[in-house]
Amino acid sequence: TGASMMDEGYMRVKQVADRIGMSEDWVRRFFGEIEGVRKVKSPAKRFKRPYTILLIPTALVERELRKMSA
């Protein structure tokens, strides 16, 4: 199915935070600026702020972890 393909290719902020042992805020700040991270924005609704969901490619997480450990 399409959903399972997306789950294999991309990780959400919480998944990355759990995997590398950092806070979700740290993951948002660090990975939010890296090219290749998909940003899905929800429109602002009345009395509610807009949200941005980061979809971080698994390969990008692996690459950045290798850089950090070196």
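Reckoned from all heavy atoms, side chains included, excluding hydrogens, waters and symmetry mates. On a predicted model such as this, the values are computed, not experimentally measured, just so you know.
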Return all side-chain donor-acceptor pairs below 3.5 angstrom for residues 59-68, not counting sequence neighbours, or 'none' if the list is empty.
{"from": "E62", "atom 1": "OE1", "to": "R19", "atom 2": "NH2", "distance (Å)": "3.4"}
{"from": "E62", "atom 1": "OE2", "to": "R19", "atom 2": "NH1", "distance (Å)": "2.8"}
{"from": "E62", "atom 1": "OE2", "to": "R19", "atom 2": "NH2", "distance (Å)": "2.4"}
{"from": "E64", "atom 1": "OE2", "to": "K67", "atom 2": "NZ", "distance (Å)": "3.4"}

What pairs of donor and acceptor atoms, side-chain ones from residues 48-57 against any protein atom, are under 3.5 angstrom apart with sequence neighbours left out?
none

Could you give the side-chain donor-acceptor pairs of residues 24-37 under 3.5 Å, partners two or more places apart or in another chain?
{"from": "D25", "atom 1": "OD1", "to": "R28", "atom 2": "NH1", "distance (Å)": "3.2"}

Are K14 and D18 close enough that some pair of their side-chain heavy atoms sits under 4.5 Å apart?
->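 Yes - at least one pair of side-chain heavy atoms lies under 4.5 Å apart.
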
